[in-house]
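Both ligands and their constituent atoms are indexed starting at 1 by order of listing.
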Amino acid sequence: VKHPLMHKWTLWFTKPPTGKGDNWNELLKEIITFNSVEEFWGVYNNITPTSELALKSDYHLFKEGVRPEWEDIQNKHGGKWSYQFKDKRSVAIDDVWLHVMLAAIGETLEEENDGEVMGVVVNVRKGFFRVGVWTRTIGKSIPGGGDGDVAGGKGRPTERGQEILKNIGRKFKEVLTIPANEVVEFSGHTDSAHAGSTRAKAKFVV
Ligand code: M7G
């Protein structure tokens, strides 16, 4: 008997650059899509743990049909919650990433199917591990409508939309089990793309 997940999920991997001239697109590889708890464990038990990945590697676990890129139509109006573990030796990153993935596929990051969570990411970098949750909007829950806004992430910012985002941030923080005085930061992908990196100005913190 297989226990179905609410959504199908696809695991992606970003290979570290081999030298100069690699572009992002060539480094991003789709690994596998699954839609049951049993398949998830099958995948999990057969991939390299985050703690053993080379620097500049990433894992991305996204809803099927959403590429883990700012440019994807379902991400382009969105953003992400993220947190950096700067003391790499003191964090059990494999446990953290496992719990973040379980929260995503178990749909516990959102309260009622808000359709905000697109995927979760872990980045292995020289000075830190960064873990993130990508959202479809930046708190603008009213669909734009009529102007090709397929993802529905445009439109006016709403208090309700921003509350939904903050609840995701709070839940994410719980899953990370970081001290209450630490903050997770939200930033929009448009800012990230302009900054040339994900270290963009945070719009919210929780
Ligand atoms: P990062 O991995 O988010 O953060 O972005 P880092 O600076 O801590 O490593 C690193 C670089 O990867 C960016 O500056 C971009 O060149 C590229 N990159 C990352 N993402 C998530 C994207 C994306 O969604 N689209 C494109 N085109 N490039 C990206």
Side-chain angles (χ1 to χ4, degrees), residues 9-31 33 47-91 93-94 96-97 100-101 104 109 115-140 149-154 165 168-169 172-173 176 178 182-205:
W9 294 83
T10 303
L11 183 69
W12 302 73
F13 177 63
T14 309
K15 293 195 299 180
T18 53
K20 47 191 167 199
D22 305 286
N23 63 44
W24 161 261
N25 254 284
E26 292 160 347
L27 299 172
L28 180 63
K29 304 285 178 195
E30 188 173 335
I31 303 176
T33 298
I47 57 172
T48 305
T50 305
S51 59
E52 293 173 23
L53 294 178
L55 297 179
K56 301 191 178 175
S57 304
D58 308 318
Y59 277 129
H60 317 254
L61 184 65
F62 272 65
K63 284 179 178 161
E64 186 190 39
V66 183
R67 289 180 62 89
E69 301 180 306
W70 311 316
E71 295 87 349
D72 188 279
I73 188 130
Q74 300 207 66
N75 290 323
K76 61 191 277 192
H77 303 302
K80 67 157 199 266
W81 283 106
S82 76
Y83 181 76
Q84 293 187 6
F85 291 93
K86 295 194 186 82
D87 185 357
K88 291 175 78 179
R89 283 174 307 175
S90 76
V91 58
I93 192 64
D94 298 330
V96 169
W97 175 236
V100 168
M101 287 193 292
L109 291 168
E116 275 287 352
V117 173
M118 297 287 98
V120 292
V121 185
V122 64
N123 306 128
V124 178
R125 297 294 180 268
K126 185 154 185 270
F128 56 87
F129 294 112
R130 184 197 293 118
V131 186
V133 179
W134 284 34
T135 60
R136 190 177 56 91
T137 80
I138 57 170
K140 303 181 177 186
D149 179 24
V150 179
K154 276 167 91 188
L165 273 198
I168 293 169
F172 178 49
K173 187 172 177 178
L176 296 177
I178 54 177
E182 286 287 294
V183 296
V184 295
E185 294 189 345
F186 185 86
S187 57
H189 294 316
T190 320
D191 298 344
S192 305
H194 290 161
S197 141
T198 28
R199 283 161 298 198
K201 201 173 120 224
K203 288 203 164 54
F204 314 111
V205 298

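- At least one N or O atom of Glu71, backbone or side chain, sits closer than 3.5 Å to an N or O atom of ligand 1.
- Around atom 2 (O) of ligand 1, the closest heavy atom drawn from Arg67, His60, Arg125 belongs to Arg125.
- Looking only at distances, a side-chain donor or acceptor of Arg136 sits under 3.5 Å from a matching main-chain atom of Gly115.
- The aromatic rings of Trp81 and Phe186 sit perpendicular, their planes meeting at an angle over 60°, well past the 30° parallel limit.
- For Lys56, no heavy-atom contact with ligand 1 is shorter than 4.0 Å.
- Taking the charged nitrogens against the carboxylate oxygens, Asp58 and Arg125 do have a contact shorter than 4.0 Å, which makes a salt bridge.
- In this pair, Trp134 and Phe62 present their aromatic rings perpendicular. The plane angle is above 60°, beyond the 30 to 60° band.
- Residue-ligand proximity, Glu69 to ligand 1, at heavy-atom distances under 4.0 Å covers atoms 24 (O).
- Asp22 places no side-chain N or O within 3.5 Å of a backbone atom of Pro17 that could act as its donor or acceptor partner.
- Contacts between Trp70 and ligand 1 below 4.0 angstrom, taking non-hydrogen atoms only, involve backbone and side chain alike.
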